[in-house]
Amino acid sequence: HPPLANAITSLPFALAGEDPWDPIAAADPAQAEEVPTKAEAMRALSGWSVGNPLPMTKEYFRHDFIQAKIELGIARHVMMLWTLVFAASLYVWCERRWGFATGLLALILVTLHPTLLAHGRLVTTDLPAAATTFWGLMALIAWVERPSWLRLLAFAPAASAMVLVKHSGPIYVLVFAAILLVFAWRGGGGFRDPIRWRRVSTTFAQLVVAALVVGLALAAAYRFDRVGLRVDELLALPEPQHWIARRRDGNVLDASLLRFLPDWLRLPFPYTWLVGVASVGEQNELGHGRYFLGMYGRAWHPLYFPIMLFAKSPTGLLALLGLGGVIGWRWRRTLTIGTRVLLAFMLVTLALSCFSRINIGVRHALPLVPIMIVFAARAGALVWTQVEARPAWLRTRARARGFVVACVLGNAIGAAWTFPTWLGDFNLLVGGPTGGHFISVVGEDWGQDLDDLALALEREGVTKIRYYTTFYSRQEEL
């Protein structure tokens with residue numbers, strides 16, 4: 001994936017390259033001159049020369065596992081800070097748009113969502129992808145409501161961040177552009193110019209400028225390394241090696257869409273980014289994740305993400321979301337622009353997810369979770385404060401507020417039930433973690449209960465076991 005999220009989580013170690021690779025040996029005056037720095041040692045690790053991170057990680061952790069664990073823990077704290085900033089921004093946006101009740105309820109639902117809590121403390125690109133996508137939606141809604149060239153000041157950086165965090169970012173940005181052009185075509189939102197072609201052409205020109213900014217940010221993030229090469233030059237370069245590349249004899253670009261382009265065409269994208277996009281495309285083509293709904297079969301299922309979003313969402317959240325659907329249908333002719341944009345993005349993205357063959361956890365649909373939270377929070381706030389929003393069975397204030405409180409308490413109980421292994425959480429409707437693991441296993445077990453396993457082995461006096469995992473660090477951890 002692109003470097004932005006990983007670069008930010010590793011900021012505490014940005015200046016650690018000159019530290020000694022072996023601090024104990026460096027403390028000995030007789031050996032100090034011969035001890036390499038961390039930067040020098042990294043280049044000597046297995047896998048560096050071919051750009052394969054897994055053997056590099058194995059050697060790095062094997063060299064000093066405790067120090068590597070400390071560094072990983074610090075990086076997780078940076079991710080937690082990122083999660084806090086995202087939660088605060090969600091609260092502020094909801095509070096300014098719909099009032100204190102909606103903002104507060106949205107914040108509560110974020111802090112009681114086990115999946116967000118789990119990924120909000122892991123060094124991956126998933127929570128940053130969800131955060132930057134929602135920030136992009138905030139900029140998009142502001143643009144639709146009041147179109148102007150000044151909206152690029154927020155939209156272009158947000159779109160750049162989305163593209164620089166995860167390879168799904170460009171797809172989301174294209175969905176944003178489509179939504180914006182549809183509003184411009186139909187004259188919806190703040191598009192008041194009576195001449196259609198002028199509305200659409202102006203919006204298209206603004207999107208072109210945004211695309212140029214995103215392209216410049218992308219090139220800068222890769223330090224303008226091998227940008228603007230011809231197609232034949234790109235295909236001739238040696239590619240980074242990894243498990244996906246091995247299936248194409250180390251040449252994923254040869255199997256990508258580049259093979260259909262003329263050799264003389266120059267592409268304004270960094271070579272490494274193109275390899276990453278091609279690798280994810282190849283992974284999607286191959287399919288990843290074969291166990292689903294108790295069956296081991298084909299590598300993907302079209303309903304994987306809709307079912308997983310349902311099963312991994314707290315029961316109280318789903319109840320509020322269902323209530324929001326009832327209210328939204330009754331008020332469908334008066335929905336706000338913000339609600340329409342969020343709903344359009346969610347439905348389009350959910351439909352696109354049905355074609356994804358990478359079924360290895362709900363985390364790849366994580367950008368949809370904040371939208372679900374916003375809708376649920378808005379529904380809860382409406383029935384809490386407005387009589388006309390309440391359905392017949394919640395007409396009295398006591399029933400309405402009791403329902404909202406029960407939903408929130410249900411979320412809290414669910415989060416407490418699966419603490420601290422939130423990664424494997426499933427809601428009560430599918431039988432909790434026990435029933436949920438019948439639905440999916442691949443994205444739910446990352447070795448987060450190794451401490452419990454070690455303690456159990458110690459109690460039983462077991463000193464030797466067979467433990468299968470494809471990740472060396474888990475073996476070392478145990």
Side-chain angles (χ1 to χ4, degrees), residues 80 83-121 127 130-131 134 308-328 331 338-339 342 346 362 366 368-433 435-436:
M80 294 176 195
T83 305
L84 289 173
V85 172
F86 163 63
S89 67
L90 183 67
Y91 163 77
V92 171
W93 188 78
C94 289
E95 190 274 335
R96 290 183 176 180
R97 179 165 291 270
W98 290 303
F100 174 73
T102 303
L104 179 62
L105 189 52
L107 182 61
I108 292 173
L109 293 176
V110 167
T111 57
L112 294 178
H113 199 299
T115 301
L116 289 179
L117 292 174
H119 290 282
R121 56 179 183 169
L127 194 285
F134 194 81
M308 287 295 288
L309 281 169
F310 174 84
K312 300 283 284 183
S313 296
T315 306
L317 175 65
L318 291 176
L320 289 172
L321 202 57
L323 177 62
V326 173
I327 297 173
W331 293 359
T339 301
L342 290 176
M346 183 172 183
V362 74
L366 208 61
L368 297 182
V369 172
I371 302 176
M372 297 169 65
I373 288 175
V374 169
F375 286 155
R378 184 61 185 143
L382 280 173
V383 299
W384 186 279
T385 58
Q386 298 185 27
V387 175
E388 60 271 20
R390 299 168 186 165
W393 54 280
L394 290 179
R395 187 62 63 185
T396 66
R397 186 171 73 169
R399 285 185 181 180
R401 295 190 172 184
F403 176 79
V404 175
V405 171
C407 289
V408 171
L409 288 178
N411 285 15
I413 293 171
W417 180 21
T418 53
F419 173 83
T421 55
W422 286 313
L423 199 62
D425 176 81
F426 287 86
N427 64 42
L428 185 63
L429 298 177
V430 298

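Computed over heavy atoms, backbone and side chain alike; hydrogens, waters and symmetry mates excluded.
- For W422 and W417, the distance between ring centers is not under 6.0 angstrom.
- When each of L317, L104, L116, V369 is tested with L109 by the rule side chain to side chain contact (heavy atoms under 4.5 Å, CB included), just one qualifies, namely L317.
- Note: H113 NE2 to K312 NZ = 9.5 Å, rounded to the nearest 0.5 Å.
- Remark: L105 CG to C94 SG distance equals 9.5 Å, nearest 0.5 Å.
- Contact check for W384 versus T102: no side-chain heavy atoms found under the 4.5 Å cut-off.
- Here F403 pairs with A319, L320, L323, W393, L394, C407 under the side chain to side chain contact (heavy atoms under 4.5 Å, CB included) rule; sequence neighbours left out.
- With sequence neighbours excluded, the residues forming a side chain to side chain contact (heavy atoms under 4.5 Å, CB included) with P420 are R121, listed by chain and number.
- A heavy-atom distance below 4.5 Å is not found between the side chains of F86 and Y91.
- One distance of note links CD1 of I371 with CG of L321; it measures 11.0 Å at 0.5 Å rounding.
- For the atom pair OG1 (T111) and CG (L117), the distance works out to 7.0 Å, reported to the nearest 0.5 Å.
- Between V387 and R397, the closest side-chain pair of non-hydrogen atoms is not below 4.5 Å.
- Of the inter-residue distances, the one linking W98 atom CH2 with L382 atom CG reads 9.5 Å to the nearest 0.5 angstrom.
- In this structure V92 satisfies the side chain to side chain contact (heavy atoms under 4.5 Å, CB included) test together with R96, sequence neighbours excluded.
- Two residues are said to be in side-chain contact when any heavy atoms from C-beta on lie closer than 4.5 Å; T418 and F426 fail this criterion.
- Interatomic distance, N411 CG to L112 CG, rounded to the nearest 0.5 Å: 6.0 Å.
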